[in-house]
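See structure below.
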Amino acid sequence: MTDIKIFVTHTPNSHKIRIANPLFYHVTAGSDFQKEEPEHDKIADNTGDNISFKNKSYCELTTQYWAWKNAEAEYYGFCHYRRYFSFSDENMPEADFGCLFFPYADEKTIRQLCMDETSIRQKVCQYDCLIAKKIPVRKLLADSVYDHYRRAPELKIKDLELFQEIVSDQYPQLRETAERYLQGKYFYPCNMFIMKKEIFQQYSQMLFSVLEEFERRADVKGYSREAVRTPGHLGERFAGIYYEYLKQKGGYRLTELQMAMFEHTKAQTYRLPEANEIPVVFAANAEYVPVLFICMKSAADHANENRNYHFYVFHTDIEEKQMHVFEEELSKGHIQIDFIDVGEKVVGYRLQAKEHISKETYYRFLILDYFKDCPKAVYLDSDLIVCRDIAQLYDIPMEDCLLAAAVDPDFSGQYNGANPDAKSYCDQTLGLKHPFAYAQAGVLVLAVAALNQVTSVSELFQMADEGNYRYSDQDILNIVCEGRIKKLDMVWNMLINSRNRRYQIIRFAPADILEEYEQARKHPAIIHYAGDSKPWNNPKEDFAWEFWKTARQTPYYEQLLCGLLPAQEKERKAVWTVFEWMRKVAKKCLPQGSRIRQTASRIYWNMK
């Protein structure tokens, strides 16, 4: 069987995706700069004959040098942790910058790109050299390859000219090809290619001898970090020159492959909960990080030091530097924190939520996949404050129920007359037999194994995409779990009296539900700021003081205050717009000198 080795370059001290394939060899380029413990399944480029110490200037070329000097293969290929080849025969639509673009390297995408061993072998063995597809330089806002380099903000055109001179001096057979390529309209990007051994050996000999001479003759004193990478940039140009030379020389089987780029490349490094840990799951996006932190801090502050907790955050866009804040501030001996990027699991689904609810609300479904071996798990919305130990919630016996949740008093009030349309929606669209048992899904205990026996994540997501539900995933859970929902005391999910209006709806609910809500307000275990009015936008909101009491103890306090001022100013302007309109109407309609006009004027100026 043909020995094909495709080396995938990774940067040191980073944890990026590693697509599993026996033909892929993952290499840490610049292992001399590796500070963390090396990953066992990566090749270090500082063994044997190497130039790992040049990585800051040579970039991915230190991988190529290592492979040239230390690896034996019939085909040598090179790509990057976020840029791979498409081995498909299909010509797929490309992004503006000339490559295929995918958010995740999920299984569907890998199949679409034909990145399995059999397809790769079949494609590679047909050719002597395969290279990343050329890009028209007009897409790079340039007139030529030379002009593209000249326009690069931190690169020096004198370096490209010196490089061209060295190529012509050392390899006269490349002179005309180099000149034609640099003045041409197409650019071969990213140092990505697959070559048969004989061609690769010749190419590497040429490339590294040219760069060695360039280093000897170039003056790079005072160069910026990007400009220091000049040898890497020049190597990228040499790949195009050499490929054009092979085309001109003839006698070689050559082809171009589309290049696929993945947006999210951070490798998942989370740990599943151990038997003695309580899994507590949250879901949020990057904009919600301050609120999420405050919620998690309130849970951590009330955690029993004799119990072990493992907090998980389902997300798709939270940055690593934000994760470090959580780990540094909240992680303790009995509290562990992991962030799980769920993007790969939700790609392809619409997951459209209604009104102020975000799509992250659907992520709680994924508990069934990620924690399928756990007996149960707690889920908490991020817009709440925990006032009691979550272990007490987790310890509630589930019996034969699928989940545990508190009754939603708002929904009960709507159904019972506050919203005439709610009854028909519940009876006809949701088809619930026990509407006054409708559960509020902001706080849940899920019997994971039992739930997996009656439904699946794909079925739940399909319901979300195909249905038209007012309360998104909450409606879906009530449909799927009706009759097997353990009723939690409402203290575990006490909804605030949002905008001082919710109580007017809840008072329509059956008397026992109203009474339970009123009792829950006295000593809530969890305060849920459900609704479109939040304490971080409106400090006068119901139970807002509990939120701000915790917020003051967090690194995000000043950030929330900063965001609050524009919101308050906007609200103030909106109020005064109404008053100014009323003033103009009064001025026009109320008689001059009349008592009512004087009274209205006095009220206006007192408020102003």
#### Entry: Residue pair Phe24, Tyr84: steps toward the ring-ring contact (aromatic ring centres under 6.0 Å, His included) verdict
CA-CA 10 Å; Phe24 292 161; Tyr84 286 79; 5.5 Å; yes
### Message
Parallel, tilted or perpendicular, judged at 30° and 60°: which one describes the rings of Phe365 and Phe461?
### Response
tilted
### Query
How many angstroms lie between atom OH of Tyr370 and atom CD of Gln268, to the nearest 0.5 angstrom?
5.5 Å
### Main-chain N/O of Tyr529 paired with Lys534 side-chain donor or acceptor, under 3.5 Å
yes
### Query
Are Lys42 and Glu39 close enough for a salt bridge, meaning some N to O gap below 4.0 Å?
yes
### Query
Any chance CD of Gln504 has more than 12 other-residue heavy atoms, nucleotides or ligands included, within less than 6.0 Å?
yes
### Message
Please determine whether the number of non-hydrogen atoms from other residues, nucleotides or ligands lying under 6.0 Å from atom CD of Glu518 exceeds 12.
### Response
yes
### Task
Write down the atom of Val480, the atom of Leu402, and the distance for their closest heavy-atom approach.
O-CD1, 4.3 Å
### Query
Centres of the Phe262 and Tyr104 rings: under 6.0 Å?
no
### Task
Inspect the surroundings of CD in Glu107 and state if more than 12 heavy atoms from other residues, nucleotides or ligands are less than 6.0 Å away.
no
### Query
Are side-chain N/O atoms of His315 and Asn285 paired as donor and acceptor at under 3.5 Å?
no
### Query
Between Asp338 and Arg271, is the closest basic N to carboxylate O distance under 4.0 Å?
no
### Message
Between His26 (side chain only) and Ile19 (backbone N and O only), is there a donor and an acceptor less than 3.5 Å apart?
### Response
yes
### Query
Ring centres of Phe293 and Phe326 under 6.0 Å apart?
yes
### Query
Using the benzene-type ring in the case of Trp, are the ring centres of Phe547 and Trp545 under 6.0 Å apart?
no
### Query
Backbone N or O of Gln34 within a donor-acceptor pair of the Thr28 side chain at under 3.5 Å?
no
### Task
Answer yes or no on whether Arg470 is positioned over the face of Tyr425, meaning its NZ or CZ is under 6.0 Å from the six-membered ring centre and within 45° of the axis.
yes
### Query
Do Phe508 and Tyr415 have their ring centres less than 6.0 Å from each other?
no
### Query
Take atom NZ in Lys372; do more than 12 heavy atoms of anything else shown fall under 6.0 Å from it?
no
#### Entry: Ring centre gap for Phe282 and Tyr312 strictly below 6.0 Å
no
### Message
Looking at every non-hydrogen atom in both residues, tell me the closest pair between Ala300 and Ile335 and how far apart they are.
### Response
CB-CD1, 3.6 Å
### Task
Search all heavy atoms of Ile513 against all heavy atoms of Ala509 and return the closest pair with its distance.
CG2-CB, 4.1 Å
### Query
Any donor-acceptor pair under 3.5 Å linking the side chain of Arg502 with the backbone of Ile496?
yes
### Message
Given 3.5 Å as the limit, does a donor-acceptor pair link the side chain of Asn478 with the main chain of Gln474, or not?
### Response
yes
### Query
Between the side chain of Gln322 and the main-chain N/O of Ala286, is any donor-acceptor distance below 3.5 Å?
no
### Message
Looking at His10, is its backbone amide N or carbonyl O close enough to the side chain of Ser14 to form a donor-acceptor pair, meaning the two atoms are under 3.5 Å apart?
### Response
no
#### Entry: Atom CD of Gln553 with >12 non-hydrogen neighbours under 6.0 angstrom
yes
### Query
Does the pair Glu516/Lys487 count as a salt bridge with the N-to-O cut at 4.0 Å?
yes
### Task
Would you sort out whether Lys549 and Glu546 count as a salt bridge (Lys or Arg N to Asp or Glu O under 4.0 Å), showing the intermediate values?
CA-CA 5 Å; Lys549 183 171 70 176; Glu546 287 286 358; 3.2 Å; yes
### Message
Quick check against the 3.5 Å criterion: does Ser456 have a side-chain atom that pairs as donor or acceptor with the backbone of Glu459?
### Response
yes
### Query
Can a cation-pi geometry be assigned to Lys376 and Phe371, taking NZ or CZ under 6.0 Å from the six-membered ring centre and within 45° of the ring axis?
no
### Message
On a heavy-atom basis, which atom in Gly442 and which in Asn493 lie closest, and how many Å separate them?
### Response
N-ND2, 4.0 Å
### Query
Under a 4.0 Å N-O cut-off, is there an ion pair linking Lys266 with Asp341?
no
### Query
Is a salt bridge present between Asp369 and Lys345, judged by a nitrogen-to-oxygen distance below 4.0 Å?
yes
### Donor-acceptor contact present, side-chain Ser298 to main-chain Ile385, <3.5 Å
no
### Message
Taking atom NZ as the centre, does Lys108 end up with more than 12 heavy-atom neighbours from other residues, nucleotides or ligands that are less than 6.0 angstrom away?
### Response
no
### Query
Does Trp536 have its ring centroid less than 6.0 Å away from the ring centroid of Tyr288?
yes
### Query
Nearest heavy-atom pair of His310 and Pro273: which atoms, and what distance?
ND1-CA, 4.2 Å
### Query
Does CD belonging to Glu36 count more than 12 external heavy atoms closer than 6.0 Å?
yes
#### Entry: Check ion pair Arg307-Asp395 (N to O, under 4.0 angstrom)
yes
### Task
Would you confirm whether Gln559, through its side chain, and Pro555, through its main-chain N or O, come within 3.5 Å as a donor-acceptor pair?
no
### SB check Arg499 Asp542 (cutoff 4.0 Å)
no
### Query
Looking only at heavy atoms, which two atoms of Tyr270 and Phe339 are closest? And how far apart?
CB-O, 4.4 Å
